[in-house]
Structures are given as structure tokens and as C-alpha cells.
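Letters A, B, ... mirror the listed sequences (proteins, then strands); counts begin at 1.
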Amino acid sequence: MVEIRLTNTRTRKKEVFEPLDAGNIRLYLCGPTVYDRAHLGNARPVLVFDVLVRLLHHVYGADRVTYVRNFTDVDDKINARAAETGRPIREITEETIQWYHDDMDALGALRPDHEPRATDYIVQMIAMIQKLIESGHAYAAEGHVLFDVRSYPDYGKLSGRSVDDMIAGARVEVAPFKRDPMDFVLWKPSSDDLPGWDSLWGRGRPGWHIECSAMSEALLGPSFDIHGGGIDLQFPHHENEIAQSCCAHPKADFARFWLHNEMLQVEGKKMSKSLGNFFTVRDLLDRGVPGEVIRFVFFQTHYRKPMDWTEEKREAAVQRLNKWATLKRNSLSDSERSFDGSMVDETVLEALGEDLNTPAVLTRLFSMEREIMSSTKQDTEIALSFFDTLQFLGFADLDTQRLYRERAVRKAIDTTAMIEALLAARTDARKARDFARADAIRDGFAAAGVEVKDTPQGAEWSLAPGFDAARLAELARMQGS
RNA sequence: GGUGGGUUGGCGGAGAGGUUACGCACCGGAUUGCAAAUCCGUGAAGACCGGUUCGAUUCCGGUACCCACCUCCA
């Protein structure tokens with residue numbers, strides 16, 4: 001069995017992962033606040049957890065893993081969006097959830113087992129808040145309920161800071177009703193025009209952090225295996241979750257492993273809404289960048305390192321996936337066959353087990369690719385394992401040309417037949433030693449964005465990113481094919 | 001000011017106290033009507049200064065620079 005080692009932010013060490021219950025491994029990932037399209041940075045924790053979940057499925061069995069990712073559907077950003085647009089909150093959150101599903105599906109990310117919405121767990125949140133008040137960790141003041149950070153000695157442990165240090169250097173909102181400037185809101189009052197629920201403290205809505213504490217407990221129990229999110233959530237969000245959950249359940253562990261991914265950057269800067277340098281997953285998909293390509297680029301950088309999204313990487317990923325698609329066509333007798341994960345490469349699994357080392361996974365894939373390239377037989381063990389492994393990693397569909405093809409189909413041009421006819425014409429020309437015509441076809445392909453490679457077994461082709469169906473049609477007409 | 005992380009060959013990017021990372025690009029060779037692809041091969045690194053060690057890019061300390069968090073953010 002593959003040993004899984006993960007860097008635990010809580011201990012700042014790489015530790016061997018041992019499930020609390022090997023029959024039910026439980027993970028929680030902080031999901032999106034649903035008021036807008038997911039930007040590219042939002043995809044990073046999703047892909048990190050996707051790889052982790054796939055590994056756990058493989059090692060322990062898919063039915064022994066419970067993966068939860070929430071939707072935050074009550075938040076002031078959502079309220080603001082509703083006020084701006086005049087649309088009902090529910091309409092905005094429903095639409096955004098649909099978008100999120102569409103976009104993450106396109107990246108090949110598995111859906112979690114549970115996707116709880118905060119508004120469905122208000123009762124549990126209120127119960128937890130009450131419990132915290134009863135145990136002296138929280139207090140009500142002026143319609144608010146606040147968590148008393150001084151009541152929890154370990155506050156700041158996850159992020160390695162002390163309450164005193166934080167107060168010393170930082171700007172903190174000093175509301176007059178706070179006992180300590182670092183105390184954070186569990187519940188706040190809502191005016192009539194804002195979403196609100198009745199509670200012992202009046203009509204109000206939850207603070208941001210309590211939902212994750214309440215939902216993880218409801219779905220995974222007070223102790224579970226792995227909790228994750230972006231490194232920017234380490235403080236204050238995760239610190240506050242720990243404070244809430246551990247004070248509500250002093251005997252439980254809450255999350256034993258904390259995984260944090262580094263930020264995604266663009267031009268060396270963090271991608272963020274406030275800097276305005278962000279773009280969405282949908283922007284890329286609409287530009288014709290397939291989800292597999294985005295996935296591949298993310299795999300190139302270890303999750304705990306900052307990752308720069310660049311056009312150069314995007315292009316390199318397209319080339320590589322094209323190569324794999326061609327390899328699949330040529331090395332398997334039936335390129336449409338399905339794989340069941342029984343031949344996933346051991347070295348790849350070991351690399352994933354070593355703190356989800358996806359760059360090392362790619363290294364191994366390159367070496368497998370090399371082996372297949374140099375073998376002439378079809379359906380060799382290594383080829384079968386390679387494509388089974390790719391499927392396991394979420395690269396089931398290597399068709400990066402799908403989007404170009406779809407465009408061509410809309411124009412009612414049968415590109416495949418056209419290309420094959422032109423290739424046949426070129427072969428005839430070469431046999432007849434009519435090199436001028438052979439070169440004209442070759443150059444025409446290049447101009448239309450069709451890449452042709454001659455192999456001992458015959459010509460192979462693929463569509464380049466700049467594929468132009470109209471120019472291909474023009475070439476076919478000129479050559480009379 | 002506090003906290004955490006980083007600095008590797010032209011570019012991207014890992015692991016390991018001592019043996020080729022790997023990919024892209026480049027160069028040489030094979031192959032090809034030409035080319036592409038493919039195959040074989042060469043070269044190229046570890047911010048700076050100290051320390052530990054038989055030996056450090058890898059461990060420890062310091063310096064410089066970069067990034068993030070401390071405020072909504074994955």
C-alpha cells in the first residue's frame with residue numbers, strides 16, 4: 001500500500017497520513033462564496049483536493065472517502081451584489097453555484113460527496129454559538145455574538161502568531177462592544193432588508209467562520225482527517241474555525257491535518273479581486289483553453305509553491321497533451337477503450353503519496369511516454385498503464401482540439417475527411433515524385449494550422465491552436481480533393 | 001512592526017548530505033526527396049557570506065532580494 005505523507009500546516013512538518021477510520025476518511029475543503037464566477041486562483045485548492053481525493057480513492061476505496069466542500073451562500077458580498085443588481089439573493093447564489101459546477105467539471109475535478117450550503121445549516125450554527133456562550137468562550141453584545149479569543153489559549157497556533165503581536169502591528173476593527181480587539185463575530189444583527197434568521201440574540205445572520213465549523217461537524221463529526229484551503233485562509237478563517245470547533249468540542253481534534261496551497265500569481269503578482277488582475281476559469285475556457293490544459297499547467301508546480309500562470313506554460317501544455325492524444329491513437333489498438341484504474345503506475349502513486357508531488361508525477365509520465373515512443377508494438381503493458389494512469393489523474397479526455405473541431409462542425413466542414421483526403425493526395429504526389437504538389441499540400445496544412453508528422457507507419461496529424469477550417473477548405477478546393 | 005514561505009542551469013521545475021532529476025529551448029549525430037516528427041548523444045545550476053562535515057546545492061547561522069498573511073480574498 002502506498003504511504004501517504006502530507007505537509008501538515010499545524011505542525012509544519014511532513015507527516016505520514018493515518019486515517020482516523022480507514023473505513024471512512026473525511027475531508028473538508030473551504031469552498032467559494034457564491035456571488036461571481038470562480039477566478040483561476042479558486043481552481044487551485046479544488047485541483048489539489050481533487051488529486052488528493054483520487055489518491056485516497058485509489059488507496060482506500062472510493063466508498064471509504066467522504067469529501068465535503070461548502071458553498072457560502074450568505075455573505076455581505078452577496079448582499080452587495082444583490083443591492084447593485086436588484087436581483088434576489090437566491091437567484092444570484094443559484095446561478096453562481098451552477099457556474100461553479102460547470103467550470104470545475106470542465107477542469108475534470110470530481111464532485112465532492114457533499115456540497116452543503118451555509119443557509120441550510122443556520123440551526124446548527126446557532127446551536128454551536130449557544131454552546132460557546134455557555135462554556136464561556138463567547139458573549140453577546142449589542143445584538144452581536146463575539147468569540148472571546150482570550151478564552152482560548154491556543155488561539156494563533158495554526159498561523160504561528162500571538163494575540164498580542166497581532167494587536168501590536170495590525171489594523172483591527174475596534175468595535176466598542178468587543179472585549180478584545182481580536183475577538184471575531186459569530187453572529188451579527190440584520191436590518192430588515194438583509195437576510196436574517198431569528199435567534200436568541202435577535203434577527204441576524206452568521207459570521208463568516210462559524211459555517212465551516214458547523215457544517216464540518218454535521219457532516220464529518222467533531223474530529224476528521226483533513227481540512228484545506230488557500231494559504232490566505234490560514235489566518236483568520238482557519239484559526240477562527242479551530243477556536244470555535246475546539247472550544248465547542250474540547251475533547252475532539254477537529255481537523256488533524258491542515259493542507260494549505262500557495263497562491264496563484266499572474267505576472268508575479270497575486271491574483272486578487274482587489275488588484276483587478278484576475279481572470280476567471282470561464283474566460284480561459286471561452287478562449288478555447290480546455291480544462292485539461294489548465295489542469296496540466298497546475299500539475300507543473302507543487303501546491304505549496306506560488307504558481308505563475310503564463311501563456312508559455314499554457315502553450316507547452318497544449319503541445320504535450322496533443323502528443324499524448326496522438327500517442328493514444330497510435331499505441332492502442334482501440335483508442336476509445338476505457339480504463340478502470342487497475343493499472344495505475346506505482347511510481348506515480350508514490351510521487352502523489354509524497355505530499356502530492358505532481359511535478360514528480362509529470363516526470364514519471366514523461367519517462368513512460370519515452371518508453372512507449374520507442375516501442376513499436378501496440379498495447380504494450382506500459383502503454384496500457386500510461387493511459388490508465390492518465391485517466392486516474394483526471395486526463396481522461398486528451399482531446400485539446402475538441403473546441404476547434406466543434407467550431408468547424410458548426411461551419412459544417414468535415415475536417416477529418418478533408419485532411420485525410422489531402423494526406424492521401426500528398427502520398428500519391430510523393431509516389432509520383434511530384435514534390436512541388438506534395439510541398440504545396442504540406443505548406444497548405446501548415447498555413448491552415450494542421451500539423452503533419454510522417455512516421456514509418458504513415459502520416460499523423462493534429463490541429464494546432466491556430467487551426468483555420470476555412471483555409472483548410474480552400475486548400476482542399478485548390479487541390480481538387 | 002509581527003508571522004510564514006521562497007531564491008536551483010537560457011526558461012520552467014523536483015528530489016536527495018556524496019552517484020544524470022525531468023521538461024522546453026539550444027547544439028551534435030541518425031533518419032528524411034526536403035521538412036516535421038522520432039531515436040541517440042553533448043553542454044549548462046544551485047542568491048551571497050560563514051559554520052558543521054572526509055564531502056553541502058541539500059543541515060545550521062547571518063546578509064540581500066522576492067512573495068504572501070496580519071483587511072474581503074483560494
J.: Ignoring the backbone of A:Phe366, work out which of B:C34, B:C39, B:G23 is nearest its side chain.
T.: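 It is B:G23.
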
J.: Counting only side-chain N and O atoms of A:Arg370, is one of them less than 4.0 Å from OP1 or OP2 of B:G23?
T.: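 So the side chain of A:Arg370 is within the cut-off, an N or O lying under 4.0 Å from OP1 or OP2 of B:G23.
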
J.: Within the structure shown, what part of the strands sits under 4.0 Å from A:Arg442 by heavy-atom distance: base, sugar-phosphate, or nothing?
T.: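 Result for A:Arg442 = base.
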
J.: Of the nucleotides B:C70, B:U38, B:C73, which has the atom closest to the A:Asn42 side chain?
T.: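 Among the listed nucleotides, the one closest to the side chain of A:Asn42 is B:C73.
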
J.: From the set B:U38, B:C69, B:U7, return the single nucleotide nearest to any side-chain atom of A:Asp232.
T.: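 Output: B:C69.
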
J.: Determine if A:Phe435 stacks with B:G33; use a centre-to-centre distance below 5.5 Å and an interplanar angle below 30° as the criteria.
T.: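 Check passed, A:Phe435 stacks on base of B:G33.
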
J.: Which part of the nucleic acid, if any, lies within reach of A:Arg69 when heavy atoms closer than 4.0 Å are counted: base, sugar-phosphate only, or nothing?
T.: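 No contact.
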
J.: Can any side-chain N or O of A:Asn8 pair as donor or acceptor with the backbone N or O of A:Arg256 at less than 3.5 Å?
T.: yes

J.: Using atom P in both nucleotides, what's the gap between B:U53 and B:A68 to the nearest angstrom?
T.: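 So the two P atoms sit 40 Å from each other.
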
J.: Do A:Arg364 and A:Ser367 get their side chains close enough for a donor-acceptor pair, meaning under 3.5 Å?
T.: yes

J.: Anything under 30° is parallel, anything over 60° is perpendicular, the rest tilted; go ahead and classify A:Phe366 against A:Phe296.
T.: tilted

J.: Check whether any side-chain nitrogen or oxygen of A:Lys313 sits under 4.0 Å from OP1 or OP2 of B:C11, and answer yes or no.
T.: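 Checking B:C11 against A:Lys313, no side-chain N or O comes under 4.0 Å of OP1 or OP2.
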
J.: Are A:Phe386 and A:Trp324, when compared by the centres of their aromatic rings, separated by less than 6.0 Å?
T.: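 Yes, they do, as the ring centres are separated by less than 6.0 Å.
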
J.: Using atom CG of A:Asp345 as one end and atom P of B:C22 as the other, report the distance to the nearest whole Å.
T.: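 In whole Å, B:C22 P lies 17 Å from A:Asp345 CG.
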
J.: Provide, to the nearest angstrom, the distance between the CZ atom belonging to A:Arg364 and the P atom belonging to B:G13.
T.: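 Answer to the nearest Å: 23 Å.
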
J.: Among the nucleotides B:A74, B:A14, B:C69, which one has an atom lying closest to any side-chain atom of A:Thr33?
T.: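 Within the option list, the nearest is B:A74.
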
J.: Could you tell me how far B:G10 sits from B:G43 if I compare only their P atoms? Round to whole Å.
T.: 16 Å

J.: Say you pick atom P in B:C65 and the same atom in B:C48; how far apart are they, in whole Å?
T.: 16 Å

J.: Any idea which of B:C40, B:G12, B:A21 is nearest the A:Gln300 side chain?
T.: B:G12

J.: Using both distances under 3.5 Å as the test, list the Watson-Crick or G-U wobble partner of B:C24, or none.
T.: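 By the stated definition (distances under 3.5 Å), B:G10 pairs with B:C24.
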
J.: Would you call the rings of A:Phe17 and A:Phe257 parallel, tilted or perpendicular, where under 30° means parallel and over 60° means perpendicular?
T.: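 Taking A:Phe257 first and then A:Phe17, their aromatic rings stand perpendicular (interplane angle over 60°).
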
J.: Of the listed nucleotides (B:A14, B:C69, B:C39), which one gets closest to any side-chain atom of A:Phe235?
T.: B:C69

J.: Choose from B:C24, B:C70, B:A74 the nucleotide whose nearest atom is closest to any side-chain atom of A:Arg320.
T.: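 The nucleotide sitting nearest to the side chain is B:C24.
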
J.: B:A47 pairs with which nucleotide, Watson-Crick or G-U wobble, both distances below 3.5 Å?
T.: B:U63

J.: Paired with B:G1: which nucleotide, if any, by Watson-Crick or G-U wobble criteria at under 3.5 Å for both distances?
T.: B:C70

J.: Do the ring centers of A:Phe71 and A:His101 come within less than 6.0 Å of each other?
T.: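 Yes; A:His101 has its ring centre under 6.0 Å from that of A:Phe71.
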
J.: B:A37, OP1 or OP2 - any side-chain N/O from A:Lys323 closer than 4.0 Å?
T.: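 No, no such contact exists.
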
J.: What nucleotide, of B:C34, B:A14, B:A74, holds the atom closest to the side chain of A:Leu264?
T.: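 The answer is B:A74.
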
J.: With the side chain of A:His302 defined as its heavy atoms from C-beta on, choose the nearest nucleotide among B:C22, B:U38, B:A14.
T.: B:A14

J.: Look at the side chain of A:Asn261 and decide which nucleotide, out of B:G33, B:G23, B:A74, has an atom nearest to it.
T.: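 Output: B:A74.
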
J.: Between B:U8 and B:A14, how many Å separate the two P atoms, rounded to a whole number?
T.: 11 Å

J.: How far, in whole Å, is B:U52 from B:U20 if one measures between their P atoms?
T.: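 To the nearest whole Å, 29 Å.
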
J.: Is A:Gly41 touching bases, backbone alone, or none of the nucleic acid, heavy atoms closer than 4.0 Å?
T.: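 Contact class for A:Gly41: base.
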
J.: OP1 or OP2 of B:C34 less than 4.0 angstrom from a side-chain nitrogen or oxygen of A:Arg437, does that happen here?
T.: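 Negative; the distance criterion is not met.
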
J.: At 4.0 Å (heavy atoms only), tell me whether A:Asp75 reaches a base, stays on the sugar-phosphate, or touches nothing.
T.: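 Since no nucleic acid heavy atom lies under 4.0 Å of A:Asp75, the category is nothing.
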
J.: In whole angstrom, give me the gap between the P atoms of B:U42 and B:U3.
T.: 49 Å

J.: Hey, which of these two, A:Pro359 or A:Arg12, hits RNA chain B nearer its 5' end, going by closest nucleotide?
T.: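 Closer to the 5' end of RNA chain B: A:Arg12.
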
J.: Between B:G17 and B:G46, how far apart are the C1' atoms? Round to whole Å, please.
T.: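 The same atom, C1', in both gives a distance of 15 Å.
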
J.: Look at the side-chain N and O atoms of A:Thr301 and state whether any lies under 4.0 Å from the OP1 or OP2 oxygen of B:G13.
T.: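 Yes, within the criterion.
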
J.: Both A:Arg5 and A:Ser367 contact RNA chain B. Which one's nearest nucleotide lies toward the 5' end?
T.: A:Arg5

J.: Under the 3.5 Å rule, do the base of B:A74 and the side chain of A:His39 count as making a donor-acceptor pair?
T.: yes

